[in-house]
S.K.: 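The structure is given below, and queries will be raised subsequently.
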Amino acid sequence: MSHYYFDGQGKAFRPMVVLLMSRACNFHHGAAENSLALPSQRRISMIAEMIHTASLVHDDVIDEADTRRGKACVSYLHGQRKAILTGDYILTVSSMALAAIGNKDVVILLSQVIEDLVRGEFMQLGTKEDEDERFAHYLKKTFKKTASLLAHSCRAVAVLSGSSKDVQEVAYQYGKNLGIAFQLVDDMLDFMSTEELMGKPTAADLKLGLATAPVLFAAEKYPELNAMIMRRFSEPGDVELAREAVTKTDSLQQARILAEQYCREAVRQIQQLAPSPEREALVTLTQKVLNRKK
Ligand code: FPP
Ligand code: MG
């Protein structure tokens, strides 16, 4: 069950970012021109994917999902009890791999990710009563659930490259901004894409009671959405009305503009590193995040 998602079919987005960041930092720090990632940095890239996968196995229990990455999810195939233990097991092995690196600072960084993931998931279970606080709550939740993993793993490989605090901060800020943009696009795709393309259910967030960026923008023009957000779209017709409001307004466009702003900031950050092919790849990646269809 633990091996099930490690079949080479995932996007491996997180390991790719972490490995590129490793090499960009190593290069900036004066390593030879085509310096490979260090074994410890390669380990961080694997650990990042393992933490992510463990959280998805648990998330599919919470969301009662049937599919993930184009196949039936562990909880669907084996039931909730085994899925929870499978997530625990993947997380355990990732913790062992992290401890084996033997760097206390890196252990602290990656432990923070796990706390953020759990807190982010809890934040998603609640809705802010005050409309003005909702967007800030959504962005904070998005940081914890999605961006923290990228931000902290990028900082961890910068630490392992022997980089200065300034460079560590650049790596962190790149990961954070790219991560928030990635989730904004994910939230847009939930309205735009199909289950076939995404390999997981779409149009799912509203049904789960979640108000993401497109709905929060639509509520600025259709204040009647606020009551639905509060009751988490639980009454008949709520989901359909909210979806209609999103399509009738430029809410998806607004979400895209916000994602573009985060990508621009990610680029601004990474350009503080010395030019290298990996730095350029990290710049290009921001465009790929914006234009992805799955
Ligand atoms: C996907 O959310 C879920 C996450 C990014 C994190 C979930 C975190 C937990 C369940 C806490 C437990 C954490 C660990 C480390 C075991 P989504 O439902 O918005 O995305 P989806 O459409 O891909 O399901
Ligand atoms: Mg889910």
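Numbering of ligands and ligand atoms starts at 1, following listing order.
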S.K.: Tell me: protein heavy atom nearest atom 20 (O) of ligand 1, and distance?
M.R.: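 Answer for atom 20 (O) of ligand 1: Asp59 OD2, 4.1 Å.
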
S.K.: What's the separation between atom CG in Leu189 and atom CZ in Arg292, rounded to the nearest 0.5 Å?
M.R.: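 Between atom CG of Leu189 and atom CZ of Arg292 there are 5.5 Å.
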
S.K.: Compare Glu121, His58, Met50 and give the one whose heavy atom is closest to atom 8 (C) of ligand 1.
M.R.: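 When every heavy atom of Glu121, His58, Met50 is considered, Glu121 comes closest to atom 8 (C) of ligand 1.
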
S.K.: Just say parallel, tilted or perpendicular for the rings of Phe182 and Phe13, cut-offs at 30° and 60°.
M.R.: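 Because their plane-to-plane angle is under 30°, the rings of Phe182 and Phe13 count as parallel.
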
S.K.: Heavy atoms only: which of Thr146, Val61, Leu117 lies closest to atom 11 (C) of ligand 1?
M.R.: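 Closest candidate by heavy-atom distance is Leu117.
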
S.K.: Ligand 1 versus Leu91, non-hydrogen atoms closer than 4.0 Å: side chain, backbone, both, neither?
M.R.: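 The side chain, only.
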
S.K.: Go through ligand 1 atom by atom and flag the ones less than 4.0 Å from a non-hydrogen atom of Ile62.
M.R.: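 Listed by number with element: 10 (C).
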
S.K.: Who's the nearest protein heavy-atom neighbour of atom 22 (O) of ligand 1, and how far?
M.R.: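 Going atom by atom, the protein heavy atom closest to atom 22 (O) of ligand 1 ends up being Lys200 NZ, 3.2 Å.
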
S.K.: Would you kindly say whether Asn26 and Gln41 are connected by a side-chain donor-acceptor distance under 3.5 Å?
M.R.: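 The criterion, which ignores hydrogens and geometry beyond distance, is satisfied for Gln41 and Asn26.
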
S.K.: With heavy atoms under 4.0 Å as the rule, classify the contact between Asp63 and ligand 1 as side chain, backbone, both or neither.
M.R.: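 For Asp63, the contact with ligand 1 is made by the side chain alone.
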
S.K.: Pull out every atom of ligand 1 sitting under 4.0 Å from any heavy atom of Arg68, numbered as shown with elements.
M.R.: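 Counting from 1, the qualifying ligand atoms are 21 (P), 23 (O), 24 (O).
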
S.K.: Just need the protein heavy atom nearest to atom 10 (C) of ligand 1, so name the residue and atom and give the distance.
M.R.: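 Minimum-distance protein heavy atom for atom 10 (C) of ligand 1 reads Ser55 O, 3.6 Å.
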
S.K.: Can you hop from Leu150 to Val283 via hydrophobic side chains spaced under 4.5 Å?
M.R.: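 Per the 4.5 Å side-chain linkage, Leu150 and Val283 are co-clustered.
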
S.K.: Check Asp63 and report its N/O/S atom nearest to the Mg ion (ligand 2), by atom name.
M.R.: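 Nearest N/O/S atom: OD2.
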
S.K.: Could you verify whether a donor N or O on one side chain and an acceptor N or O on the other, from Gln269 and Glu265, lie under 3.5 Å apart?
M.R.: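 Yes, Glu265 and Gln269 have a side-chain donor paired with an acceptor closer than 3.5 Å.
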
S.K.: State whether a side-chain donor-acceptor pair under 3.5 Å links Gln183 with Lys145.
M.R.: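 Absent: no donor and acceptor within the cut-off.
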
S.K.: Is His78 close to Thr86 at the side-chain level, that is, under 4.5 Å between some pair of heavy atoms?
M.R.: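 Sidechains of His78 and Thr86: no contact.
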
S.K.: Which bit of Lys145 gets closer than 4.0 Å to ligand 1, counting heavy atoms only: side chain, backbone, both or neither?
M.R.: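 Looking at Lys145 and ligand 1, atoms from backbone and side chain both fall under 4.0 Å.
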
S.K.: Are Arg23 and Ser276 close enough that a side-chain donor and a side-chain acceptor fall under 3.5 Å?
M.R.: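 Side-chain D/A pair, Arg23 to Ser276: absent.
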
